[in-house]
Protein chains: 2
Amino acid sequence: MAESLALTTEKKCEGNLNQSGLDVDECPVVTAIDVIGGKWKVIILYNLRDNTLRFGELKKLIPHISQKTLTTQLRSLEADKLVARKVYAEVPPRVEYTATPLAEQLGPVLDALCQWGQAYRQAHQS
Amino acid sequence: MAESLALTTEKKCEGNLNQSGLDVDECPVVTAIDVIGGKWKVIILYNLRDNTLRFGELKKLIPHISQKTLTTQLRSLEADKLVARKVYAEVPPRVEYTATPLAEQLGPVLDALCQWGQAYRQAHQS
DNA sequence: CGGAATCCGTTAAGATACTG
DNA sequence: CAGTATCTTAACGGATTCCG
């Protein structure tokens, strides 16, 4: 079972592969959560969608995050090659963050999340 | 502003509403992350997809989670009405967890996450 | 001045042992 | 079996300091 788990077939995740005895670590969902499972990462990437933003702009768009955490999460995203960080040697300093093509492929995830968020609100009759 | 933000239009999330001056808290993505943003919640729900599982079965399927965390996350999911918890008054005890219809609506999110996880692996040439 | 590093307190999560 | 109790470790928030 599970031939080369990478690119040949994409059926792996559709069904109940976990019940087939496979370790969950083999599942791409676990990989995805590992990378974007941080509390703020999806929101950061959502704000970075189609946008290049400075650190301060991101901070303004995500008011509830602390500077420190924003820095940490951005560094982590950078390490995973989901955001590109460009530093301008200027005064005042300027650092711009851009989503990489890999991050842009998250589009469907963001859309699905968005739709579900609405369904959730509806179900909880807000 | 934002007529009933629930079911009328679903365009809200497609574009750049954050740049429109809206607080991010208005965005359903933030709602979704609030609910399923826990480190393990998506993975739990993924394993619960189309399946009713006992506590121990879930634990086996998600080896890296601790009992305590699994309990906590399940309780949180239960409070948000994403899983139903059924206790059988037997010896030995038996507790079954089932995804609610609301959780089942996460299907597209899980699918998108799964696909992206594969793309991510591929990009990092694993 | 903007961005980030540091110190510290609080909360979430991990490991292990133990109980109904 | 399905948790709870306890302790330890890692993640996040706040404030201050630093540096270009």
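Because only heavy atoms are used, hydrogens play no part in the values below, and waters and symmetry mates are left out as well, while side chains stay in. Per chain, numbering begins at 1; letters A, B, ... match sequence-line order.
Going from atom NZ of A/Lys59 over to atom C1' of C/dC1 covers 16 Å, rounded to whole Å. Put simply, CD on A/Glu90 is 13 Å from C1' on C/dG3, counting in whole angstrom units. As a whole-Å value, the separation of A/Gln67 CD from C/dC8 P is 19 Å. Between the NZ atom of A/Lys60 and the C1' atom of C/dG2 there is a distance of 10 Å, given to the nearest Å. Counting to the nearest Å, the P atom of D/dA11 and the CG atom of A/Asp34 are 12 Å from each other. Between the C1' atom of C/dA12 and the CD1 atom of B/Ile33 lies a distance of 17 Å, rounded to the nearest Å.
Between the B/Trp116 side chain and the A/Leu102 main chain, a donor and an acceptor come within less than 3.5 Å of each other. A donor-acceptor pair is defined here as one N or O able to donate and one able to accept, closer than 3.5 Å; such a pair exists between the side chain of A/Thr72 and the backbone of A/Lys68. Side chain of B/Lys59 to backbone of B/Ile65: a donor-acceptor contact under 3.5 angstrom is found. B/Thr100 places a side-chain N or O within donor-acceptor distance of the main-chain N or O of B/Lys81, the cut-off being under 3.5 Å. Judged purely by atom type and a 3.5 angstrom limit, A/Thr71 uses its side chain to pair as donor or acceptor with the backbone of A/Gln67.
For the atom pair B/Gln105 CD and A/Gln118 CD, the distance stands at 11.5 Å (nearest 0.5 Å).
Within the nucleic acid shown, B/Val95 comes within 4.0 Å of sugar-phosphate atoms alone, with no base atom in reach, counting heavy atoms only. Contact annotation for B/Tyr88: no contact, since no heavy-atom pair falls under 4.0 Å across all strands.
The side chain of B/Tyr97 places an N or O atom within less than 4.0 Å of a non-bridging phosphate oxygen (OP1 or OP2) of D/dG3. Here A/Arg94 does not reach the OP1 or OP2 of D/dG20: none of its side-chain N or O atoms lies under 4.0 Å away. In terms of phosphate contacts, B/Arg75 brings a side-chain nitrogen or oxygen within less than 4.0 Å of OP1 or OP2 of D/dT4. For the pair A/Arg54 and C/dG2, the criterion of a side-chain N or O lying under 4.0 Å from OP1 or OP2 is not met.
Closest of all the heavy-atom pairs between A/Asn47 and A/Leu58 is CB-CD2, 4.0 Å.
No side-chain heavy atom of B/Thr98 sits under 4.5 Å from any side-chain heavy atom of B/Lys86.
Of the residues in residues 76-85 of chain B, those with a non-hydrogen atom less than 4.0 angstrom from any atom of DNA chain D are B/Arg85.
A salt bridge between A/Glu57 and A/Lys60 is absent, with no side-chain N of the basic residue lying under 4.0 Å from a carboxylate O of the acidic one.
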Considering only nitrogen or oxygen atoms on both sides, find all protein atoms under 3.5 Å from nucleotides 12-14 of chain D and state each distance.
{"residue": "D/dC12", "atom": "OP2", "partner": "A/Gln73", "partner atom": "NE2", "Å": "3.3"}
{"residue": "D/dG13", "atom": "OP2", "partner": "A/Ser66", "partner atom": "OG", "Å": "3.4"}
{"residue": "D/dG13", "atom": "OP2", "partner": "A/Thr69", "partner atom": "OG1", "Å": "2.4"}
{"residue": "D/dG13", "atom": "O6", "partner": "A/Lys68", "partner atom": "NZ", "Å": "2.6"}

